[in-house]
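Here the structure is laid out as structure tokens; the discussion comes afterwards.
Here is the naming used below: chain letters follow the sequence lines, and residue numbers restart at 1 for every chain. Computation of the quantities below employed the complete heavy-atom set of this structure, encompassing side-chain atoms and omitting hydrogens, waters and symmetry-equivalent molecules.
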Number of protein chains: 2
Amino acid sequence: MARRGSYAKGVAKREEILERSLDVIAREGYRGASVKELADAVGLSQAGLLHYFDSKEELFTEILRKRDEVDARAYGGSSEVVSPDGLRDGFVGVIRHNADVPGLVQLYSRMAVDAADTSHPAHRYFVDRNSALRASFADGLRALQAEGRLTDVVDAETLARIVQAVADGLQLQWMQDPSTDMAGTVEAMFRALDPSVPAGDPKETS
Amino acid sequence: MARRGSYAKGVAKREEILERSLDVIAREGYRGASVKELADAVGLSQAGLLHYFDSKEELFTEILRKRDEVDARAYGGSSEVVSPDGLRDGFVGVIRHNADVPGLVQLYSRMAVDAADTSHPAHRYFVDRNSALRASFADGLRALQAEGRLTDVVDAETLARIVQAVADGLQLQWMQDPSTDMAGTVEAMFRALDPSVPAGDPKETS
DNA sequence: GTCTATAAAGTGATAGAC
DNA sequence: GTCTATCACTTTATAGAC
């Protein structure tokens, strides 16, 4: 950001790098990859890649941002006003999709841990993203509560926090054991929190 | 493990190292600490510390094990047969305690990500621990279901998975923003899943 | 804009003295 | 059992050629 190469061409190349990086990491995985590894995969030298980013940490933070951008386009969860069901389905859709891109899940989780440090470039990214995400969830969940399809024993903000925690926590479980059904479990959670579902007939998860 | 120094004295020293490590990491935090840093903190040279462990990864895995051992003793969640309420309260107790040991939360989360790799020494630790934990949860949750204090719309195994995910996911949120009320949110979750709680009077979280 | 080359600082692990 | 010393690498970042 704010680098002198921020002219049209440089920006385009930057975007291209981020998109290629997403692709490569999604396919080939991320295990604390070095700048050099990513550079090789992207077809640049290490120095050539870092020409576009101030540091490794900034580079990987931007990759996460780009991923959100792509996901938002594909699953429409961010800018538009959508129905509560649309938001819920988009959320589940992203989770289902995540099972196909293990490297990105790993990158996200790893960065989430590293960014606990307030001086990490991704710290602000996570804080902002999480609160925006939760606010958006809370709106959708409030609407579901109003329709009687979600418990109102707990306020929507707290439920949003819980929903987000489930999604992140399931990723950790899934990384250890890829047979974990992330999307199915999230759907089960919504069912469990839906007072309009009749008791006593536990449905199968998958 | 299985090192020739497995005589009484060596074992005792090993235990002492692990306990000191827990203490130091809990207090001073863990940000991908090196063996040397930990060695200094524990009062040994790097080589002196590694004399007791085969590798860095094994060392940190053992620290996690020791932590479970300590927590199990303090919050009695593992070996004994306890009431469903005891198990639930122990669980919430551990979570409340975790807010006082940020370094351990960070170590745990970091290792959970790294151990996604099946060849990581902690991989088996996490797989075993998670399934044991979930089995234990499932038992307790089943009992709660039988008493009508927990939804039976979803089977106990899946609920156990959800509960674990919430705990792990909240840790990530809390690391980014320490004002996150992990224990309170978990309690809210149990309330939200309790069909005997009357609707319509959302209680405050904390 | 991209490269090669290199700096500067770690890392985990091991050999060997004591 | 613990230390010092050192090995063999790897890492990010930067300087400077082209």
**Prompt:** Charged N to carboxylate O under 4.0 angstrom, Glu187(B) versus Arg191(B)?
**Reply:** no
Expressed in angstrom and rounded to an integer, what is the separation of [X] atom [atom1] from [N] atom [atom2]?
X	N	atom1	atom2	answer
Ile17(A)	dG1(C)	CD1	C1'	10 Å
Asp54(A)	dT14(D)	CG	C1'	13 Å
His51(A)	dA15(D)	NE2	P	14 Å
Phe53(B)	dA13(C)	CZ	P	13 Å
Lys36(B)	dT14(C)	NZ	P	19 Å
His120(B)	dG12(C)	NE2	C1'	13 Å
Leu49(B)	dT11(C)	CG	P	14 Å
Glu57(B)	dA13(C)	CD	C1'	13 Å

Please pick, from [options], the nucleotide with the shortest atom-to-atom distance to any side-chain atom of [X].
X	options	answer
Ser34(A)	dT11(D), dA15(D), dA15(C)	dT11(D)
Ser45(B)	dT11(D), dA15(D), dT4(D)	dT4(D)
Glu37(A)	dA5(D), dT11(D), dT12(D)	dT11(D)
Leu50(A)	dG1(D), dC3(D), dT14(D)	dT14(D)
Lys56(A)	dT12(D), dT4(C), dC3(D)	dT12(D)

**Prompt:** On the ring face of Phe190(A), is Arg88(A) found with NZ or CZ under 6.0 Å from the centre and within 45° of the axis?
**Reply:** yes
**Request:** Would you please indicate if the ring centroids of Phe53(B) and Phe60(B) are separated by under 6.0 Å?
**Result:** no
**Asked** Counting only heavy atoms not in Lys66(A), do more than 12 sit closer than 6.0 Å to its NZ atom?
**Response** yes
**Item:** Lys13(B) or Gln46(B), whichever maps to the more 5' nucleotide of DNA chain D
**Value:** Lys13(B)
**Request:** Go through the steps to decide whether Tyr108(A) and Tyr30(A) satisfy the test ring-ring contact (aromatic ring centres under 6.0 Å, His included), and finish with yes or no.
**Result:** CA-CA 10 Å; Tyr108(A) 172 88; Tyr30(A) 165 88; over 10 Å; no
